[in-house]
Amino acid sequence: MLVLMNVNATEEQTQTVCKRVEELGYRPHPLPGATRCAIGITGNKGAVEADALSQLPGVAEVIAVTKPYKLVSRDMKSEDTVVRFNGSDATVGGTELALMAGPCSVESRDQLFRVAESVANAGARFLRGGAFKPRTSPYAFQGMAEEGLQLMAAAREAFGLLIVTEAVDHESLALVEQYADMVQIGARNMQNFALLKLAGRAGKPVLLKRGISATLDELLMAAEYVMSEGNYNVVLCERGIRTFCDHARNTLDVSIVPAAKKLTHLPIIVDPSHAAGKRDMVAPLARAGIAVGADGMIVEVHCDPDHALSDGAQSLYPDQFAAMVGDLRRIAEIVGRTLYEPQTKQQPQKKQQPAGAVVAK
Ligand code: PEP
Ligand code: MN
């Protein structure tokens with residue numbers, strides 16, 4: 001059920017409707033739009049008694065939502081959601097494309113800072129890097145955990161980047177929430193409903209990656225889990241799905257971008273790195289993602305990919321990343337988007353520690 005308020009409804013009238021919804025035993029989700037506020041109602045098993053709400057002052061219409069997802073739906077909010085970040089003018093879902101780049105895993109201060117400097121200078125506004133890694137093999141590098149998060153936070157200070165990093169379980173989510181600007185929920189956890197609910201209670205925007213065999217509906221329902229707990233800042237991410245094709249690590253399903261845009265107001269970005277699996281295919285897929293209307297991308301970059309502790313084969317060298325961003329700028333113009341242009345070259349603002357990997361392979 002969805003309550004649409006009048007264009008000139010007051011804040012007090014919206015509050016009164018929310019209170020009434022609570023009295024009925026349900027949860028109200030007020031989502032202000034450009035012209036009017038819509039209040040989504042969750043927690044109801046069957047139909048909500050529409051009369052109890054439609055007569056309240058300021059209410060324009062009470063609409064039954066037939067789709068299984070409600071809060072993520074365009075019925076709830078017709079205009080695009082723009083996700084914002086404290087202390088930054090970077091956005092996801094606005095006119096400016098969101099560019100997130102960095103290593104697959106945080107490996108050392110030197111490794112992270114070198115990549116961070118290069119991607120910041122190329123125009124990235126977000127630094128990616130996993131401190132908790134979901135690896136197929138239990139013997140593969142599992143990440144630097146909290147020490148990795150501390151390095152990410154230091155890189156944020158040094159280069160003015162927002163940091164996005166993955167949480168894999170309840171414990172890591174509590175830590176990631178403290179350090180990161182954006183909490184990544186990985187493909188393998190897209191249907192970890194307990195983790196999604198917890199992310200819904202986190203105070204940070206969530207980057208939700210599509211599961212390797214998830215349909216669009218399943219991805220939207222996963223986002224609905226996060227939103228139903230009160231966190232409305234969710235960004236979807238297409239990172240390739242499992243198909244019969246074996247010429248790439250996964251198949252980048254670019255068609256999900258326009259399909260998602262029809263159904264949801266949430267931003268959607270692409271991850272060409274995990275789709276490609278191979279460095280030489282990353283830039284072409286990235287160009288396709290922006291051409292098809294994605295709101296940005298997340299890309300793996302490493303200064304010494306041959307010695308990366310994870311996903312070296314698909315990591316771009318910094319100069320390849322910069323060249324790719326140049327091409328994306330031209331495509332952005334055609335699709336009516338912009339890409340951030342750094343004004344000055346970034347230099348680390350704090351004295352660097354001596355180089356050297358902290359973690360062994
Ligand atoms: C990652 O971003 O490094 C990652 C593990 O991604 P995904 O969950 O898409 O595999
Ligand atoms: Mn990776």
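Start at 1 and go down the list; that is how both ligands and their atoms are numbered. Predicted model, so just to flag it, every value in this text is computed and none were measured.
At least one N/O-N/O distance between Q184 and ligand 1 falls below 3.5 Å. In terms of polar-atom proximity, defined here as any N/O pair under 3.5 Å, G186 makes no such contact with ligand 1. Between D311 and ligand 1, no N or O atom pair is found at a separation short of 3.5 Å. Considering backbone and side-chain atoms alike, H274 places an N or O below 3.5 Å from some N or O of ligand 1.
Among protein heavy atoms, the minimum distance from atom 6 (O) of ligand 1 is reached at K209 NZ, 2.9 Å. Regarding atom 5 (C) of ligand 1, its nearest protein heavy-atom neighbour is E166 OE1, 3.8 Å. Nearest non-hydrogen protein atom to atom 9 (O) of ligand 1 is R239 NE, 2.6 Å. Atom 8 (O) of ligand 1 has A187 N, 2.7 Å as its closest protein atom, hydrogens excluded (heavy atom only).
Every atom of ligand 1 is numbered from 1 in the order shown, and the set under 4.0 Å from a heavy atom of K133 is 1 (C), 3 (O). Those atoms of ligand 1 with a heavy atom of E300 less than 4.0 angstrom away are 3 (O). Contact atoms of ligand 1 toward R128: 1 (C), 2 (O), 3 (O) (distance under 4.0 Å to a heavy atom of the residue).
Rounding to the nearest 0.5 Å places CZ of R239 at 12.0 Å from CG of D253.
Around the Mn ion (ligand 2), protein N, O or S atoms at less than 2.8 Å comprise C104 SG, H274 NE2, E300 OE2, D311 OD2.
Between the side chains of H307 and E107, no donor-acceptor pair of N or O atoms lies under 3.5 Å. Side-chain atoms of S172 and D169 form a donor-acceptor pair, as typed in the model, at a separation below 3.5 Å. Using modelled atom types and a 3.5 Å distance limit, the side chains of T338 and T95 yield no donor-acceptor pair.
Note: Y232 and H29 meet the aromatic proximity criterion, with ring centroids under 6.0 Å apart.
Ligand 1 has C104 within reach: a non-hydrogen atom of the residue lies less than 4.0 Å from it.
The existence of a salt bridge linking R201 and E229 is confirmed by a sub-4.0 Å separation between a basic side-chain nitrogen and an acidic carboxylate oxygen. We find that D181 and R156 are joined by a salt bridge, their nearest charged nitrogen and carboxylate oxygen being less than 4.0 Å apart.
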Exercise. Report the C-alpha separation of H274 and D311 in whole Å, then their side-chain angles, then the decisive distance to 0.1 Å, and conclude whether the side-chain hydrogen bond (donor to acceptor under 3.5 Å, both in side chains) test is met.
Key: CA-CA 8 Å; H274 289 88; D311 285 348; 3.1 Å; yes

Exercise. Might you work through the side-chain contact (heavy atoms from CB on, under 4.5 Å) test for R36 and L4, ending with a clear yes or no?
Key: CA-CA 8 Å; R36 56 164 132 191; L4 268 187; 4.1 Å; yes

Quiz item: Checking side-chain hydrogen bond (donor to acceptor under 3.5 Å, both in side chains) for the pair Q314/R249: CA distance, chi angles, key distance, verdict?
Solution: CA-CA 9 Å; Q314 68 194 30; R249 183 175 176 183; 2.7 Å; yes

Can I get a per-line list of side-chain donor-acceptor pairs under 3.5 Å for residues 278-291, giving both atom names and the distance, sequence neighbours left out?
| from | atom 1 | to | atom 2 | distance (Å) |
| --- | --- | --- | --- | --- |
| K278 | NZ | H247 | O | 2.5 |
| R279 | NE | S315 | O | 2.5 |
| R279 | NH2 | G312 | O | 2.9 |

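Around the CD atom of E12, the shell of radius 6.0 Å holds no more than 12 heavy atoms that belong to other residues, nucleotides or ligands.
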